[in-house]
Chemist: 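Dropping a structure here in structure tokens format, bear with me for questions.
The first residue in the sequence is number 1, and the count goes up from there. Bear in mind that the values here come from a model prediction, so they are computed numbers and not experimental data.
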Amino acid sequence: MIDRQKLIEKCLADNSKAQKELFDLLSPMLLSVCHRYANNKNEAEDIFQESFLKIYENINQLRNAERLEGWAKQIAVHEAIAFYKKQRRLVLSDEIYPEKQNLNLLNSTYQQIEVNELMLAIQQLPDRMRLVMNLYAIEGYKHEEIAEKLGISVGTSKSNLFDARKKLKGLISDEQRKSI
């Protein structure tokens with residue numbers, strides 16, 4: 001088992017072996033996070049690289065070595081958001097849907113598909129919808145937190161989630177029809 005505290009101390013001392021070990025430890029999880037937010041493999045790799053730069057630059061701020069993975073994941077999420085803001089492709093809808101709409105992600109349609117199919121469908125969502133979907137359904141943020149992170153209203157967050165779910169359901173239904 002890896003002693004995270006010693007690994008971090010060695011990274012702080014610019015030990016290249018320790019930095020490689022840290023990279024090997026975090027890469028699978030961080031790549032997965034980056035792929036959820038990206039349109040394609042190249043974007044995921046760009047976000048991943050920026051995330052690791054931030055991790056190496058800020059590892060001195062990590063106070064609890066046992067929280068390394070969660071801390072690194074948060075950096076990747078923040079870098080994904082920054083990536084889209086930087087690209088100026090993040091255009092968020094201000095439409096507000098009635099609160100009475102059923103926003104339950106885990107309905108029968110989603111339960112019938114494989115995780116890989118769901119991830120591929122999520123990657124097909126427009127940027128604005130994919131970000132909100134990931135932050136809400138996968139990362140577990142509340143609409144208030146999403147609104148603050150993205151600089152939008154709570155209603156906009158809710159409407160983007162509604163739109164994402166509707167589009168995702170259509171994408172999944174299309175894929176299921178193709179496989180029949």
Chemist: Checking D14 now: which residues fulfil side-chain contact (heavy atoms from CB on, under 4.5 Å) with it, not counting sequence neighbours?
Modeler: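 Partners of D14 under the side-chain contact (heavy atoms from CB on, under 4.5 Å) test: Q19.
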Chemist: Identify, with sequence neighbours excluded, every residue that meets side-chain contact (heavy atoms from CB on, under 4.5 Å) alongside A44.
Modeler: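 A44 satisfies side-chain contact (heavy atoms from CB on, under 4.5 Å) with C34, H35, A38 only.
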Chemist: Do we see a donor-acceptor contact under 3.5 Å between the side chains of T156 and S153?
Modeler: yes
Chemist: side-chain contact (heavy atoms from CB on, under 4.5 Å) with E144: which residues, sequence neighbours excluded?
Modeler: K142, V154
Chemist: State which residues pass side-chain hydrogen bond (donor to acceptor under 3.5 Å, both in side chains) with N64; sequence neighbours excluded, sorted by chain then number.
Modeler: none
Chemist: Less than 3.5 Å apart, which donor and acceptor atoms pair up between the side chains of residues 5-12 and the rest of the protein, not counting sequence neighbours?
Modeler:
residue: Q5; atom: NE2; partner: E9; partner atom: OE2; Å: 3.3

Chemist: Going by an N to O cut-off under 4.0 Å, is there a salt bridge joining K167 and D163?
Modeler: no
Chemist: Which residue pairs pass the ring-ring contact (aromatic ring centres under 6.0 Å, His included) test with at least one member in residues 11-32, sequence neighbours excluded?
Modeler: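 Of all non-adjacent pairs touching residues 11-32, those that pass ring-ring contact (aromatic ring centres under 6.0 Å, His included) are F23-F48, F23-F52.
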Chemist: Name all pairs fulfilling the salt bridge (charged side-chain N to carboxylate O under 4.0 Å, His left out) condition that reach into residues 62-74, sequence neighbours left out, sorted by first residue then second.
Modeler: R4-E69, K73-E139
Chemist: Mind checking side-chain hydrogen bond (donor to acceptor under 3.5 Å, both in side chains) for N58 and listing every partner two or more places apart, or none if nothing turns up?
Modeler: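 side-chain hydrogen bond (donor to acceptor under 3.5 Å, both in side chains) check on N58 returns Q61.
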Chemist: Identify, with sequence neighbours excluded, every residue that meets salt bridge (charged side-chain N to carboxylate O under 4.0 Å, His left out) alongside K149.
Modeler: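 Counting only residues at least two positions away or on another chain, K149 forms no salt bridge (charged side-chain N to carboxylate O under 4.0 Å, His left out).
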Chemist: Residues in side-chain hydrogen bond (donor to acceptor under 3.5 Å, both in side chains) with Q74, at least two apart?
Modeler: Y141
Chemist: What pairs meet the side-chain hydrogen bond (donor to acceptor under 3.5 Å, both in side chains) rule with one or both residues in residues 46-56, with sequence neighbours excluded?
Modeler: none
Chemist: Verify the distance criterion only: is there a donor paired with an acceptor across the side chains of Y84 and R130 at less than 3.5 Å?
Modeler: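 Side chains of Y84 and R130: pair found under 3.5 Å.
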Chemist: With sequence neighbours excluded, what pairs up with E148 under the side-chain contact (heavy atoms from CB on, under 4.5 Å) test?
Modeler: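 Listed in chain order: nothing, the list is empty.
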